[in-house]
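Below you'll find the structure, written out as structure tokens, and then a few comments.
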Amino acid sequence: MSGLLAPQFQNDEAARKHLEATLWPDGPVCPHCGIIGEAYLMKGETTRDGLYKCSACREPFTVTIGTIFEDSHIPLHKWLFAIHLMCSSKKGISAHQLWRNLWGVNPDTGKPNGSYRSAWFMAHRIRWALGKEPVASKLSGIVEIDEAYIGGKFRHAGSYTPKPGERPKDRPSPTANKAPVLSILQRDGEVRSMHMPRVTADTLKPVIEAMVDKSAHMMTDSASALRGAPMGYKQSKVNHSAKEYVRHEDGVCITTNTVEGYFSILKRGNYGVYHHWGQQYTDQYLREFDFRYNIRKLNDDARATVALKKTKGRRLVLKAPKGS
Ligand SMILES: [Zn+2]
């Protein structure tokens with residue numbers, strides 16, 4: 001069964017079996033010695049469910065060891081449900097929304113049961129898991145690169161009301177409290193985004209060289225910080241300040257519209273769903289959005305399976321936000 005009514009979202013045991021089937025397609029994997037398919041399920045009244053014992057090294061283990069779920073007091077089916085929701089909503093899902101969906105709303109008080117803090121922790125742990133794997137291969141083909149400022153509240157010069165006694169030079173700049181983001185997008189392929197506190201040709205160059213294959217055809221806006229940097233790539237520019245967005249050269253479409261479309265998903269998520277995430281979490285949110293974009297051609301269930309496979313690995317320790 002698929003969809004939100006699937007048993008792995010309803011009860012803990014079905015969730016554990018679903019996780020076992022996803023992480024152990026060839027049988028239980030012992031986290032102590034690495035042997036596959038040589039463990040047996042332990043049975044007994046005091047034995048907790050899903051406890052295996054390795055026939056090779058005699059050590060006990062469960063499927064959640066070494067995953068982001070290990071030692072969590074939150075039932076596994078709620079974790080799986082949260083992952084499914086995060087994978088299926090294009091602009092993301094806020095911790096508040098997660099809280100309501102996972103614990104339900106108390107009809108007497110109108111408030112969700114459970115705790116906001118738990119939902120917040122879950123969302124961040126999942127986000128971390130989605131983006132933790134190192135980049136494997138470089139982007140190639142046509143690669144669109146652009147920078148954007150995400151988040152913060154834009155104070156428009158025309159509508160900004162100066163405080164009494166404030167001099168013009170003391171006004172906050174339109175990009176103050178926004179996070180500069182660099183996105184590198186292979187057309188019809190993957191995107192990789194990162195928070196770049198300083199966007200200059202010198203800071204961009206090593207990042208791009210690490211991520212983009214030398215054979216790529218790079219496309220940028222002529223106002224990009226990259227404009228003057230000889231990068232050793234074939235490079236085409238569109239001139240947005242002259243209202244040029246698309247042109248064709250030798251049968252190739254020169255544009256940065258794809259990466260800008262991606263920025264608009266990020267901005268709608270930041271503004272509409274996450275209500276301006278804190279700058280310190282920018283990289284985490286970018287991982288979440290990149291992850292969803294990069295498997296956009298899969299259906300919701302397949303996306304959630306890819307996400308579940310990423311839950312194995314070192315866990316994250318986070319401090320809760322103030323005042324939550
Ligand atoms: Zn073992």
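Counting convention: from 1, in listed order, for ligands and their atoms alike. No experiment lies behind these values; they were computed from the predicted model shown.
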Only counting residues at least two apart or in another chain, list the ones meeting salt bridge (Lys or Arg N to Asp or Glu O under 4.0 Å) with [X].
X	answer
D49	none
E38	none
R268	none

Point to revise | Sub-6.0 Å ring centroid separation between W128 and F291 | key: no
Study note, to complete from the structure: For the Zn ion (ligand 1) the protein N, O or S atom count under 2.8 Å stands at 4
**Study point:** Electrostatic pair R303-D300, nearest N-O below 4.0 angstrom
**Key:** yes
Check your understanding: Are any of the side-chain nitrogens in E144 or R187 under 4.0 Å away from the carboxylate oxygens of its partner?
Key -> yes
